[in-house]
Amino acid sequence: MSQQETDQQVINDGFVVDTENTEEREQAYRERGTARPITVVGNPVLHKECKDVTEFDDKLAALIDDMFASQRAAEGVGLAANQIGVDLKVFVYDCPDDDGVRHVGVVCNPVLQELPQDQRQLDEANEGCLSVPTAYAELARPDYAVVHGQDAQGNPIKVRGTGYFARCLQHETDHLYGYLYIDRLSKRDRKDALKQMAEGTARYETVPND
């Protein structure tokens with residue numbers, strides 16, 4: 001079983017091992033970065049498909065650092081680039097699974113793998129989003145997910161998750177194709193989520209929609 005080591009994480013049979021040295025890796029990203037305000041529903045960058053990452057360079061590395069800093073400042077478990085106003089297909093995550101195991105990583109140009117029917121057990125749980133602050137709604141998603149993409153150096157990777165982490169992978173991939181979780185709700189539930197947002201106050205800095 002061959003392994004290749006990058007500065008992000010160890011790659012094993014195409015799947016990243018994102019559960020090792022999580023504290024050290026997340027801290028290193030975050031301390032290099034600067035937290036940015038979060039875009040919220042209504043901002044045009046959130047409602048269109050983002051551009052593919054084609055340059056795996058220092059500029060991308062700096063963006064990833066800022067994304068980890070922004071994610072921590074907002075107390076999130078995942079963050080897509082368009083949530084800080086950047087039109088690129090990249091997301092970061094620092095998310096536990098249902099067993100409490102912490103996963104930390106980066107995915108560029110993510111594509112969700114279509115799963116066979118026997119692997120599509122739905123999990124109905126509350127979901128929230130930093131771009132819809134203070135709002136939560138129940139949304140059914142598959143409890144297992146596989147995302148194909150690239151790491152920060154352009155190497156092909158796959159990330160898999162179950163339970164809450166699977167929800168995170170699907171949620172962040174959705175962002176980069178212009179979908180918020182509230183877009184998957186019924187009209188009534190979407191209206192209720194937006195009402196929750198209007199009545200609440202975000203605990204982190206957001207970008208006002210002009």
Side-chain angles (χ1 to χ4, degrees), residues 26 30 33-50 66-100 102-105 107 110 112 120-145 147 159 161-210:
E26 188 275 338
R30 173 168 43 88
T34 301
R36 304 192 201 179
I38 304 296
T39 55
V40 296
V41 58
N43 188 307
V45 74
L46 293 174
H47 303 283
K48 63 177 184 176
E49 181 175 343
C50 292
D66 285 357
M67 290 173 68
F68 271 103
S70 303
Q71 175 179 252
R72 174 59 72 93
E75 299 179 11
V77 296
L79 189 76
N82 53 356
Q83 290 185 274
I84 57 169
V86 179
D87 182 13
L88 279 178
K89 282 182 183 166
V90 54
F91 73 79
V92 303
Y93 59 88
D94 180 3
C95 184
D97 59 27
D98 284 359
D99 295 322
R102 184 179 180 183
H103 299 258
V104 172
V107 184
L112 273 171
R120 290 180 58 83
Q121 183 173 344
L122 292 180
D123 172 34
E124 295 201 19
N126 264 3
E127 191 161 326
C129 178
L130 297 177
S131 292
V132 193
T134 74
Y136 296 89
E138 191 173 273
L139 178 62
R141 289 193 189 265
D143 68 354
Y144 176 71
V147 171
V159 182
T162 59
Y164 185 54
F165 182 41
R167 182 174 293 274
C168 175
L169 293 174
Q170 294 168 83
H171 180 111
E172 300 308 329
T173 301
D174 269 358
H175 267 303
L176 300 176
Y177 289 86
Y179 294 100
L180 298 170
Y181 85 96
I182 59 172
D183 296 329
R184 298 191 178 278
L185 301 175
S186 68
K187 288 183 179 179
R188 179 179 178 179
D189 288 346
R190 187 180 194 278
K191 183 177 179 181
D192 179 66
L194 291 173
K195 182 180 178 183
Q196 290 179 53
M197 175 181 164
E199 293 176 347
T201 302
R203 63 182 183 275
Y204 42 84
E205 186 180 0
T206 60
V207 178
N209 293 331
D210 296 327

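Side-chain atoms are counted along with the backbone in the values below, which use heavy atoms only and exclude waters and symmetry mates. All residue numbers refer to positions in the sequence shown, counting from 1.
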Q.
Using only atom types and a distance under 3.5 Å, with no angle test, would you say the side chain of Asp97 pairs donor to acceptor with the backbone of Gly163?
A. no

Q) Nearest heavy-atom pair of Leu122 and Pro142: which atoms, and what distance? A) CD2-N, 3.6 Å

Q) Atom CD1 in Ile182, atom CG in Leu139: separation rounded to 0.5 Å? A) 11.0 Å

Kindly list each side-chain donor-acceptor pair under 3.5 angstrom involving residues 198-206, sequence neighbours excluded, with atom names and distances?
| from | atom 1 | to | atom 2 | distance (Å) |
| --- | --- | --- | --- | --- |
| Arg203 | NE | Glu75 | OE1 | 3.4 |
| Arg203 | NH2 | Ala74 | O | 3.2 |
| Tyr204 | OH | Leu130 | O | 2.6 |

**Q.** Phe68 vs Leu79, side-chain contact (heavy atoms from CB on, under 4.5 Å): CA-CA, chis, key distance, verdict
**A.** CA-CA 8 Å; Phe68 271 103; Leu79 189 76; over 6 Å; no

Q: Establish, from distance only, whether the side-chain atoms of Gln170 and Asp174 form a donor-acceptor pair under 3.5 Å.
A: no

Q | Contacts of Ser131 that satisfy side chain to side chain donor-acceptor pair (under 3.5 Å) - sequence neighbours left out | A | Gln83

Q: Look up atom NE2 in His175 and atom OH in Tyr181, then write down how far apart they are to the nearest 0.5 Å.
A: 10.0 Å

Q | salt_bridge(Asp87, Lys48) N-O dist < 4.0 Å | A | yes

(Q) List the residues meeting ring-ring contact (aromatic ring centres under 6.0 Å, His included) with Phe165, not counting sequence neighbours, and say none if there are none. (A) Tyr93, His103

Q | Gln196 side-chain N/O to Tyr136 backbone N/O, donor-acceptor pair under 3.5 Å | A | yes

Q) Salt bridge or not for Lys89 and Glu49, using N-O below 4.0 Å? A) yes

Q: Indicate the atoms forming the closest heavy-atom contact of Gly33 with Ala69, along with that distance.
A: C-CB, 3.8 Å

Q) How many angstroms lie between atom CG of Leu176 and atom CG of Leu46, to the nearest 0.5 angstrom? A) 10.5 Å

Q) With side chains defined as the heavy atoms from C-beta onward, is the minimum distance between Thr173 and Phe91 less than 4.5 Å? A) yes

Q: Grab the two heavy atoms, one from Leu169 and one from Ala145, that are nearest each other, plus how far apart they are.
A: CD1-O, 4.2 Å

Q. Stepwise, does the side-chain contact (heavy atoms from CB on, under 4.5 Å) test hold for Val41 with Leu194?
A. CA-CA 9 Å; Val41 58; Leu194 291 173; 4.0 Å; yes

Q: Please say which of Arg184, Glu138, Arg167 ends up in a side-chain contact (heavy atoms from CB on, under 4.5 Å) with Glu127.
A: Arg167

Q) Which value, rounded to the nearest 0.5 Å, describes the distance between Asn82 atom CG and Cys50 atom SG? A) 4.0 Å

Q | Closest contact, heavy atoms only, Thr34 versus Asp66 | A | N-OD1, 2.7 Å

(Q) Is it the case that over 12 heavy atoms from other parts of the model lie below 6.0 angstrom from the OH atom of Tyr144? (A) yes

Q | Least distance between heavy atoms, Ala35 atom then Ala73 atom | A | CB-CB, 3.8 Å

